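Atoms considered below: every heavy atom in the structure, side chains included; atoms not considered: hydrogens, waters and symmetry mates. Remember, predicted model here, so these are calculated numbers, not experimental data. Chain naming here is simple, since letters A, B, ... match the order of the sequence lines and numbering starts at 1 in each.
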2 protein chains.
Amino acid sequence: MPKVVDHHERRTLIADALLRVAARDGLEAVSLRHVATEAGVTSGMVQHYFRTKDEMMQFALGVVRERNEARITAAVTRLGPAPAPRDFLHAVLAGLLPLDDASRADGLVALAFLAYAAVRPEAGTSLRRDAPQMVAYIADQIRTAQAAGAARAGVDPEAAATGLLAVTEGLGMYLLTAQTTPENAIRTLDAHLAFVFSGS
Amino acid sequence: MPKVVDHHERRTLIADALLRVAARDGLEAVSLRHVATEAGVTSGMVQHYFRTKDEMMQFALGVVRERNEARITAAVTRLGPAPAPRDFLHAVLAGLLPLDDASRADGLVALAFLAYAAVRPEAGTSLRRDAPQMVAYIADQIRTAQAAGAARAGVDPEAAATGLLAVTEGLGMYLLTAQTTPENAIRTLDAHLAFVFSGS
DNA sequence: CGCGTTACATTGCAGTTGTAACGTAAACGG
DNA sequence: CCGTTTACGTTACAACTGCAATGTAACGCG
């Protein structure tokens, strides 16, 4: 194999340029040539690393997903070992919110991809977060807290878990469209957590 | 004024065709000619009623908004006079959810417009629901219920109102992306309402 | 040293896009 | 009855799109 170049590195370089274009001018402005100029390369090179535009989009979508997951795990590890269910959920859900500029840009792109994939189901499979798995996990946390007396006994863990995820998603949309402030989003999330968890 | 034609009727006819195209093939597939063929007219006629594409988009966006508002008011009037705050909120919020095919199609288009407007702020002003007004109204309902002893006294009305709207928005997204079922969405919404309202 | 494979760059092409320009028919006001 | 205004239809055009084709240079392997 002649000419040693890191294939994956080049692809992420191009995908990063794509995401910058998408965050700035919208997904509709993403074209081979625009991405190429944004990345500072020729359109021929882009075409060399992605045989088709859809292939490029799929890859970029994967990059967004990876970054999101990384953000969450970072928020969790920052929490230390064996955190209380409430603190844990707060960290995870707040980590999902587009609070800083970087995650905001990613959120905008994810939103655009969501609309893009709503009609192109084969492209949306990768985007569709494993929500059921997430719901089950959160519900488990709630059950644990209930057993320890830290959460209200009356609540349905599954419904509460879905509600928590939904409220996070909704707050994310409000943040992306500048319909609310980060402080208010956090406050609302905390209020919802207070509904589930009894003490203090 | 020669040739009597209802201007507004023609425009809504074209806008309806636009929305059909957008719901079926995505917003990116919306072009003057596609809309024209979908509406069964010539592209020249479309151009006659909308001098520019953006003007057409704005109008179509307004149509979506009107339909959404009509759906909510219909749900409310179906409720009868002087409903209890909890029933009222249930009707309004459930009316916001894309449960049937018609509102689902509108929801998909609204989602696409949201992503479209996220980068084109001048186009998004019309889409940005008057959230603060909505929050204030819901918060008032909660306060009324609190005074009547029908809602938990401890909850912050503003935060709870924002949370209710956010959970509705999030459930709407889950419904649009087929990540949940209508039954589950309603169940989650009810569970959240039960957090706010105490009795039964 | 070939030489084949890889990594780009350049060019071309057919199709679609938004929009302007021009043409025509019909209805009303005078 | 005539001219102006409105309601379209048709055509043209420059810009852009994704993609295929073709080029060229460089590196590793035999």
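- Using five terminal pairs a side, the axes of the helix from C/dC1-D/dG30 to C/dG30-D/dC1 at its two ends make an angle of 10°, given in steps of 10 degrees.
- C/dT17 atom P lies 11 Å from atom CE of B/Met56, rounded to whole Å.
- The environment of CG in B/Asp101 is sparse: at most 12 heavy-atom neighbours from other residues, nucleotides or ligands sit within 6.0 Å.
- Rounded to whole Å, atom P of C/dT17 lies 13 Å from atom CE of B/Met57.
- Where B/Arg33 and A/Glu28 each meet DNA chain D at their nearest nucleotide, the meeting point lying more 5' is that of B/Arg33.
- We find that B/Arg71 and B/Glu66 are not joined by a salt bridge, their nearest charged nitrogen and carboxylate oxygen being 4.0 Å or further apart.
- Ring geometry for B/Phe59 against B/Phe50 counts as tilted: the plane angle lies between 30° and 60°, on a 0 to 90° scale.
- For A/Arg187 and A/Asp190, the salt-bridge test fails: no basic side-chain N is under 4.0 Å from an acidic carboxylate O.
- In this entry the distance linking CG of B/Leu27 with P of C/dT17 reads 14 Å, nearest Å.
- Annotation: proximity of residues 34-52 of chain A to DNA chain D (heavy atom, distance under 4.0 Å) is found for A/His34, A/Gln47, A/Thr52, numbered in ascending order.
- The distance from atom CG of B/Asp6 to atom C1' of D/dT6 is 15 Å, rounded to the nearest whole Å.
- Rounded to whole Å, the distance from CG on A/Leu18 to P on D/dT17 is 13 Å.
- Note: NZ (B/Lys53) to C1' (D/dA15) measures 14 Å, nearest angstrom.
- Spacing between atom CD1 of A/Ile14 and atom P of C/dA9 amounts to 10 Å, rounded to whole angstrom units.
- Judged purely by distance below 3.5 Å, without hydrogens or angles, the side chains of A/Asp100 and A/Ser103 pair a donor atom with an acceptor atom.
- A/Glu55 has its CD atom 15 Å from the C1' atom of D/dA20, to the nearest Å.
- Taking the charged nitrogens against the carboxylate oxygens, B/Glu38 and B/Arg24 do have a contact shorter than 4.0 Å, which makes a salt bridge.
- Ring geometry, B/His7 versus B/His48: the interplanar angle falls from 30° to 60°, so the pair is classed tilted.
- The pair B/Arg20-B/Asp25 fails the salt-bridge criterion, with no side-chain N (NZ, NE, NH1 or NH2) lying under 4.0 Å from an Asp/Glu carboxylate O.
- Remark: the A/Tyr174 side chain and the B/Glu169 side chain contain an N/O donor-acceptor pair separated by less than 3.5 Å.
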